[in-house]
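Throughout, a chain's letter reflects where its sequence line sits, starting with A, and its residues are numbered from 1.
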There are 4 protein chains.
Amino acid sequence: MTARRAQLIEAAHDLIVAHGIAGLRTRAVAAAVGIDHSTLHHHFPTKADLIEAVADRALAAFRPAEGPTQTLTEHLRHLAALMTTRPDLFTLMRELDLHATRDTAIAALMGPRDDRWRASLTALLPHPVHADLVIATVKGAGNHPATAPAVLKALLDLLRK
Amino acid sequence: MTARRAQLIEAAHDLIVAHGIAGLRTRAVAAAVGIDHSTLHHHFPTKADLIEAVADRALAAFRPAEGPTQTLTEHLRHLAALMTTRPDLFTLMRELDLHATRDTAIAALMGPRDDRWRASLTALLPHPVHADLVIATVKGAGNHPATAPAVLKALLDLLRK
Amino acid sequence: MTARRAQLIEAAHDLIVAHGIAGLRTRAVAAAVGIDHSTLHHHFPTKADLIEAVADRALAAFRPAEGPTQTLTEHLRHLAALMTTRPDLFTLMRELDLHATRDTAIAALMGPRDDRWRASLTALLPHPVHADLVIATVKGAGNHPATAPAVLKALLDLLRK
Amino acid sequence: MTARRAQLIEAAHDLIVAHGIAGLRTRAVAAAVGIDHSTLHHHFPTKADLIEAVADRALAAFRPAEGPTQTLTEHLRHLAALMTTRPDLFTLMRELDLHATRDTAIAALMGPRDDRWRASLTALLPHPVHADLVIATVKGAGNHPATAPAVLKALLDLLRK
DNA sequence: GATGAATGAGATTTCATTCAT
DNA sequence: AATGAATGAAATCTCATTCAT
């Protein structure tokens with residue numbers, strides 16, 4: 001059943017946000033949706049599969065913001081808004097970015113996304129390095145959710161000068 | 001003997017950089033310096049103590065760059081240079097930043113450091129939010145060591161305009 | 001399965017009688033019933049839980065002898081008989097009594113039992129201190145199973161004079 | 001140095017009383033007298049040797065009370081007084097009695113003492129089984145220091161009737 | 001006599017995964 | 001789809017003991 005899968009992905013998402021990927025326990029995920037932990041393996045053969053599914057869903061949540069039709073202002077404002085309404089998404093991304101360093105399956109998901117993101121940013125900016133600057137700042141701003149929106153706005157102002 | 005302690009800290013540093021804090025194994029640390037894993041506990045009662053010592057030493061390596069007497073240009077150039085010569089330091093910082101979210105002992109080390117860093121940046125910049133912008137960008141740039149120096153330079157140019 | 005639990009409790013009982021609570025090894029308990037030692041934790045999350053279950057079962061074996069409806073003669077004869085047929089029970093009790101000094105969970109099991117025992121003895125004896133005398137003697141007689149029944153009989157004779 | 005030995009024995013005595021033989025740590029004993037734990041092995045090659053020395057000293061403290069020249073009244077009064085002034089001695093005895101079950105070296109110390117004790121009691125009492133009764137009650141009374149003196153007095157009264 | 005470093009055996013506990021039902 | 005029992009590999013930490021200094 002695909003509803004169960006969705007439940008498990010959401011529970012895993014929340015637990016990763018709360019305890020990190022390293023602190024994720026399949027038992028806790030199963031318990032959160034009220035099934036036995038061995039049943040979880042019916043839906044996701046392995047823990048890595050579950051994490052991949054979580055990454056996949058989280059990446060999808062970002063996609064609208066990364067479309068090529070936006071202006072830079074729209075793009076950064078959208079991200080700043082997302083940081084306020086969905087801080088969990090950025091917490092998760094930090095986890096996944098770090099995890100990607102050592103897990104090729106996750107890297108295979110994250111890498112292309114960053115490439116697409118960089119490509120659409122490059123189209124909006126005069127200097128290609130500014131695409132990397134935006135990406136670095138957005139990722140780094142996730143460390144401090146409180147100041148993140150202001151930081152993105154400041155970057156936008158600098159880039160438009 | 002304090003030499004042994006230093007050896008263990010360095011081995012743990014390398015292993016965290018290679019496998020992450022989550023992937024750190026006390027046995028591996030002990031093996032790396034050629035002692036029994038139980039002897040490690042003679043020097044560091046607990047694994048957390050060892051990680052703290054690693055964090056402490058890494059933070060010390062940054063301190064010279066964070067002194068209040070520098071200009072912004074010097075500061076960012078120093079960091080860019082460090083990213084090239086000591087990329088391990090930035091990998092470690094990403095691990096520690098994430099770890100600090102859930103480990104108060106590490107948070108107690110990292111927090112004050114960021115505060116000091118922010119304070120000295122604020123003294124060098126017209127708008128306080130730019131201090132946060134620099135910190136976010138430096139932290140985020142660690143994800144992509146290849147483009148990091150160029151990104152820092154681009155940020156510097158924008159801030160000096 | 002509750003049969004497995006019962007098996008484990010019995011094996012633990014025997015091992016405590018043989019090697020003491022201090023000498024109890026979870027591995028040995030698991031091995032005695034032929035399962036992996038990690039499976040034991042499926043049935044008893046912690047070693048303390050297992051010991052508690054052993055204490056609980058042993059206390060239950062005494063309960064019939066401590067009922068309030070008996071005469072003192074019946075009571076002491078029953079205990080003397082038990083000392084001969086089930087000396088392991090008294091060995092275990094000595095272990096648990098000593099353990100209760102430092103383990104509040106065990107103390108919480110043993111304390112009320114002694115209180116009930118004292119209450120029913122008090123009802124059978126003219127002087128309340130004689131209840132404590134009986135309890136002390138029964139507990140102390142466990143040290144020497146060979147002379148224990150004769151000792152209890154001698155005490156009974158003195159109390160009936 | 002024999003003063004150091006005495007210090008170590010006393011510290012071990014106190015720690016056994018506080019944490020039981022099972023909870024005795026040589027490190028704690030050494031720390032209590034302010035020396036390194038490896039130095040302890042200079043005075044007592046093995047932990048068992050230390051425990052034996054503790055047992056030996058404790059037994060000596062009882063010896064005056066067990067001399068053959070006393071009357072039963074004196075004997076029990078002396079023990080009752082000791083229970084009040086030196087409850088630690090009885091706590092220790094319970095530990096040692098239980099330990100003797102599995103440690104032949106301790107058994108070799110405790111056995112002869114009980115034999116001598118029984119012999120001198122037998123000389124003071126009409127029925128030999130009363131010697132065992134007294135011993136059982138004294139040992140059992142140690143469980144409840146609060147009621148112990150009254151219990152011994154009650155036993156004395158019964159035996160003198 | 002004393003120290004600190006080292007050892008090695010071991011103990012409990014955790015956890016993803018498998019399998020029979 | 002689901003369960004519960006079982007597994008096995010591993011991980012941290014403990015502790016008495018030894019040894020060189």
Side-chain angles (χ1 to χ4, degrees), chain A residues 1-5 7-8 22-30 33-51, chain B residues 1-5 7-8 22-30 33-51, chain C residues 1-5 7-8 22-30 33-51, chain D residues 1-5 7-8 22-30 33-51:
Chain A
M1 195 196 275
T2 207
R4 214 5 87 82
R5 261 185 75 94
Q7 273 185 297
L8 288 165
L24 182 67
R25 299 291 171 259
T26 55
R27 285 172 136 88
V29 176
V33 313
I35 63 173
D36 192 274
H37 68 278
S38 57
T39 304
L40 181 148
H41 288 275
H42 236 288
H43 301 278
F44 299 95
T46 155
K47 188 184 182 179
D49 293 329
L50 174 62
I51 295 174
Chain B
M1 198 197 270
T2 206
R4 214 5 90 79
R5 259 184 77 95
Q7 273 185 294
L8 287 165
L24 182 67
R25 299 291 169 257
T26 53
R27 280 180 134 85
V29 177
V33 313
I35 62 172
D36 192 276
H37 70 276
S38 62
T39 304
L40 183 148
H41 287 94
H42 181 61
H43 299 279
F44 298 96
T46 163
K47 187 186 179 176
D49 292 328
L50 174 60
I51 295 174
Chain C
M1 196 197 273
T2 207
R4 210 11 86 81
R5 259 184 76 95
Q7 272 184 295
L8 287 166
L24 182 67
R25 298 290 169 260
T26 53
R27 281 179 134 85
V29 177
V33 314
I35 62 172
D36 192 276
H37 70 277
S38 63
T39 304
L40 183 148
H41 287 93
H42 182 61
H43 300 279
F44 298 95
T46 163
K47 187 184 180 179
D49 292 329
L50 174 60
I51 294 174
Chain D
M1 195 197 275
T2 208
R4 214 4 88 83
R5 261 185 74 95
Q7 272 184 296
L8 287 166
L24 182 67
R25 300 289 172 260
T26 54
R27 284 172 138 86
V29 177
V33 313
I35 64 172
D36 191 274
H37 66 278
S38 58
T39 305
L40 182 148
H41 288 276
H42 237 287
H43 301 278
F44 299 95
T46 155
K47 187 184 182 179
D49 293 328
L50 173 60
I51 296 173

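- Between the CG atom of D:Leu24 and the C1' atom of F:dT14 there is a distance of 14 Å, given to the nearest Å.
- Scanning for side chain to side chain contact (heavy atoms under 4.5 Å, CB included) contacts around C:Arg27 gives C:His37, with sequence neighbours left out.
- Rounded to an integer number of Å, the gap from CZ of A:Arg25 to P of E:dT13 is 17 Å.
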Set out, line by line, the N/O atom pairs under 3.5 Å between protein and nucleotides 17-21 of chain E.
residue : atom : partner : partner atom : Å
E:dT17  : OP1  : A:Thr46 : OG1          : 3.0
E:dT17  : OP2  : A:Lys47 : N            : 2.8
E:dT17  : O4   : A:His37 : NE2          : 3.3

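- Among the nucleotides E:dT3, F:dT7, E:dG1, the one closest to any side-chain atom of D:His42 is E:dG1.
- Phosphate contact (OP1/OP2 of E:dA6, side-chain N/O of B:Arg4, threshold under 4.0 Å): present.
- Atoms CZ (C:Arg5) and P (F:dA6) sit 13 Å apart, rounded to a whole Å.
- In this structure, NE2 in D:His41 is found 4.5 Å from OG1 in D:Thr26, a value given to the nearest 0.5 Å.
- Across every non-hydrogen atom of B:Pro45 and B:His43, the tightest pair is CD-O, 3.9 Å.
- Heavy atoms of C:Leu50 sit nowhere under 4.0 angstrom from any nucleic acid atom.
- By the side chain to side chain contact (heavy atoms under 4.5 Å, CB included) test, C:Ala48 is found to be paired with C:Thr46, residues two or more places apart in sequence or in another chain being considered.
- For D:Ala22, the side chain to side chain contact (heavy atoms under 4.5 Å, CB included) partners at least two apart in sequence or on another chain are C:Ala22.
- Distance CD1 (B:Ile35) to C1' (F:dC13): 14 Å, rounded to an integer number of Å.
- Atom CG in D:Leu8 sits about 12 Å away from atom C1' in E:dA2, given to the nearest Å.
- Annotation: side chain to side chain donor-acceptor pair (under 3.5 Å) contacts of C:Asp36 (sequence neighbours excluded): C:Ser38.
- D:Leu24 has its side chain within reach of D:Lys47: a pair of non-hydrogen atoms, C-beta onward, lies under 4.5 Å apart.
- Counting non-hydrogen atoms under 4.0 angstrom, C:Leu40 reaches nothing in the nucleic acid.
- With the end axes of the helix from E:dA2-F:dT21 to E:dT21-F:dA2 each set by five pairs, the angle from one to the other reads 10° at 10° resolution.
- Expressed to the nearest 0.5 Å, how far CG of C:Leu40 lies from CG of C:Leu50 amounts to 6.0 Å.
- Among D:Arg4, D:Gln7, D:His42, the single residue meeting the side-chain contact (heavy atoms from CB on, under 4.5 Å) criterion with D:Ile35 is D:Arg4.
- The side chain of C:His43 has F:dA6 as its nearest neighbour among E:dT3, F:dA6, F:dT3.
- As a whole-Å value, the separation of C:Asp36 CG from E:dT12 P is 13 Å.
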